[in-house]
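Structure first, then comments.
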2 protein chains.
Amino acid sequence: MQIIIQAEVIFQALADKTRLRIIRLMRVTGEESCLCELVDSLLEPPYKLSRHLKILRQAGLLLSQKEGRWVYHRLVSEPAYLEQLYATVQALPDPNEIYSKDLHRFHQRLCLREGRRCRVGIQSEMFKTEAG
Amino acid sequence: MQIIIQAEVIFQALADKTRLRIIRLMRVTGEESCLCELVDSLLEPPYKLSRHLKILRQAGLLLSQKEGRWVYHRLVSEPAYLEQLYATVQALPDPNEIYSKDLHRFHQRLCLREGRRCRVGIQSEMFKTEAG
DNA sequence: TCAATACTTGCATTATAGTGCAAGTATGCA
DNA sequence: TGCATACTTGCACTATAATGCAAGTATTGA
């Protein structure tokens with residue numbers, strides 16, 4: 001899993017609606033987050049988000065850390081131009097209020113944490129594991 | 001020729017090496033430029049650059065203005081987040097010195113202008129019009 | 001030790017994007 | 001009026017990328 005520092009790779013990583021939603025959510029909240037929290041915030045299937053997270057990781061924008069069953073993701077803030085980049089992402093308009101809706105659901109989802117950690121799995125009926 | 005204000009379209013426009021070279025060159029110099037000057041600076045064929053310029057235009061990053069046989073292109077700087085974006089592009093590393101080489105050739109090419117305007121057409125042997 | 005579950009990935013499909021060639025348009029100058 | 005030239009674009013081809021399903025891995029807790 002090599003990290004490539006080519007500019008076009010970074011912009012390619014941001015050239016997708018779903019990935020921008022992820023970046024923006026994590027930037028605005030400053031939180032790290034597991035997959036199931038993102039599923040409940042963005043209302044997208046886990047396999048889809050998992051792959052987009054991988055792309056962000058490979059572009060060097062995300063760090064992922066396993067904690068038991070959960071994997072926590074957080075934005076990489078070094079070198080400084082990455083911070084500058086996230087700030088720009090955050091400054092972009094949100095005409096359809098997609099990002100603000102994601103943010104709202106994320107905040108609600110944070111209430112289910114215990115000790116700053118997720119303990120519940122996917123809550124959205126649509127994407128719950130069959131066995132659930 | 002509609003201008004779309006969706007974030008992913010802007011980042012998609014930046015997700016290409018050639019387009020980043022164009023943006024960065026025009027940002028660093030603050031100049032507007034015609035196609036043949038860009039051909040001589042980036043050493044890429046005119047049809048290729050012409051198409052990339054079109055993509056930048058459609059993303060709302062570039063304004064193109066015809067002046068006789070020449071078409072001058074310049075960066076769009078409003079709204080403010082575009083300036084912020086270009087600043088970030090400019091802040092990105094240039095490990096292979098691609099951008100600095102483009103810049104060098106561009107400065108040399110500027111010497112051929114008369115009254116701030118190009119009057120000569122493509123100079124690079126490789127991309128000259130056959131009849132030339 | 002076995003089942004539930006948080007997450008990942010191989011595969012097939014579809015969509016999008018970059019490139020080169022060659023032909024096209026439009027402008028200016030002889 | 002006709003040719004040179006600055007630029008654009010249709011077409012074919014290739015490469016890359018997004019998606020959904022289903023199957024896989026790894027961890028935890030009963």
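Naming: A, B, ... by sequence-line order, numbering from 1 per chain. The model shown is predicted, which means the values in this text are computed figures rather than measured ones.
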Fill in: CA sep, side-chain torsions, deciding dist, call: B:Arg19, B:Leu14, side-chain contact (heavy atoms from CB on, under 4.5 Å)
CA-CA 6 Å; B:Arg19 292 196 293 267; B:Leu14 297 174; over 6 Å; no
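- Between the CG atom of A:Leu49 and the P atom of D:dG20 there is a distance of 11 Å, rounded to whole Å.
- Within the hydrophobic cluster formed by Ile, Leu, Val, Met, Phe, Trp and Tyr side chains joined at under 4.5 Å, directly or through other members, A:Trp70 is accompanied by A:Tyr72.
- Distance A:Arg113 CZ to C:dA6 C1': 15 Å, rounded to the nearest Å.
- One finds a side-chain N or O of B:His52 lying less than 4.0 angstrom from the OP1 or OP2 phosphate oxygen of C:dT19.
- Under a 4.5 Å side-chain heavy-atom criterion applied to ILVMFWY residues, the cluster that includes B:Ile55 comprises that residue alone.
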Please write out the pairs of protein N or O atoms and N or O atoms of nucleotides 12-17 of chain C separated by less than 3.5 Å, giving the distance to one decimal.
none

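- Straight-line distance from the CG atom of B:Leu42 to the P atom of D:dC7: 13 Å, rounded to whole Å.
- The line from CG of A:Leu75 to OH of A:Tyr86 is 5.0 Å long, rounded to the nearest 0.5 Å.
- Listed by chain and number, the residues in a side-chain contact (heavy atoms from CB on, under 4.5 Å) with A:Leu112 are A:Arg109, A:Val120, A:Gln123 (sequence neighbours excluded).
- Here the closest non-hydrogen pair linking B:Val39 and B:Pro46 is CG2-CA, 3.7 Å.
- Atom CZ of B:Arg119 has more than 12 neighbouring heavy atoms from other residues, nucleotides or ligands inside a 6.0 Å radius.
- For B:His107, the side-chain contact (heavy atoms from CB on, under 4.5 Å) test picks out B:Thr29, B:Leu103, B:Leu110, with sequence neighbours left out.
- In this structure, A:Leu56 places its CG atom 10 Å from P of D:dA18, rounding to the nearest Å.
- Summarising the geometry, atom CD belonging to A:Glu37 is positioned 9.5 Å from atom CG belonging to A:Leu25; distances are rounded to the nearest 0.5 Å.
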Item to complete: Give the intermediate values and the outcome of side-chain contact (heavy atoms from CB on, under 4.5 Å) for residues A:Phe106 and A:Ser33.
Response: CA-CA 10 Å; A:Phe106 185 73; A:Ser33 167; 3.7 Å; yes
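- For A:Val71 against A:Ser64, the heavy-atom pair with the smallest separation is CG1-CB, 4.0 Å.
- Map B:Tyr72 and A:Pro45 each onto its nearest nucleotide of DNA chain D; the residue landing nearer the 5' end is B:Tyr72.
- The shortest heavy-atom contact between B:Thr18 and B:Lys48 is OG1-CE, 3.7 Å.
- Here the closest heavy-atom approach between residue A:Ala13 and residue A:Leu61 is recorded as CB-CD1, 4.0 Å.
- Of all the heavy atoms in B:Gln84 and A:Ala91, the pair that sits closest is OE1-CB, 3.7 Å.
- A donor-acceptor contact under 3.5 angstrom links the side chains of B:Asp40 and B:Ser124, judged on distance only.
- Not counting sequence neighbours, the partners of B:Glu8 by the side-chain contact (heavy atoms from CB on, under 4.5 Å) test are A:Lys17, A:Leu20, B:Gln6.
- A heavy atom lying under 4.0 Å from DNA chain C marks none of the residues of residues 114-127 of chain B.
- Legend: residues meeting side-chain contact (heavy atoms from CB on, under 4.5 Å) with A:Leu53, ordered by chain and number and at least two apart, are A:Ile22, A:Leu35, A:Leu38, A:Arg57, A:Leu62, A:His73.
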Worksheet item: Tell me, for nucleotides 9-15 of chain D in 5' to 3' order, what letter each nucleotide earns: B for a base near a protein heavy atom under 4.0 Å, S for only sugar-phosphate near one, - for neither?
Response: BBB----
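- Distance B:Lys128 NZ to D:dC7 P: 15 Å, rounded to the nearest Å.
- Rounded to whole Å, atom C1' of D:dT8 lies 17 Å from atom CD of B:Glu44.
- Using a 4.0 Å cut-off between charged side-chain N and carboxylate O, A:Arg27 and A:Glu83 make a salt bridge.
- Note: NZ (B:Lys17) to C1' (D:dT16) measures 15 Å, nearest angstrom.
- Between B:Arg24 and B:Gln90, the closest heavy-atom pair is NH2-O, 3.5 Å.
- Less than 4.0 Å separates DNA chain D from at least one heavy atom of each of the following residues of residues 21-38 of chain B: B:Cys34, B:Leu35, B:Cys36.
- One end of the helix from C:dT1-D:dA30 to C:dA30-D:dT1 points its axis 20° away from the other end's axis, with each axis taken from 5 pairs and the angle rounded to 10°.
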Practice prompt. Do nucleotides 24-30 of chain C as a string where each nucleotide becomes B, S or -: B if the base has a protein heavy atom under 4.0 Å, S if just the sugar-phosphate does, - if no protein is that close.
Written response: --SBS--
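- Atom pair A:Gln65:CD and C:dC7:C1' shows a separation of 16 Å (rounding to whole Å applied).
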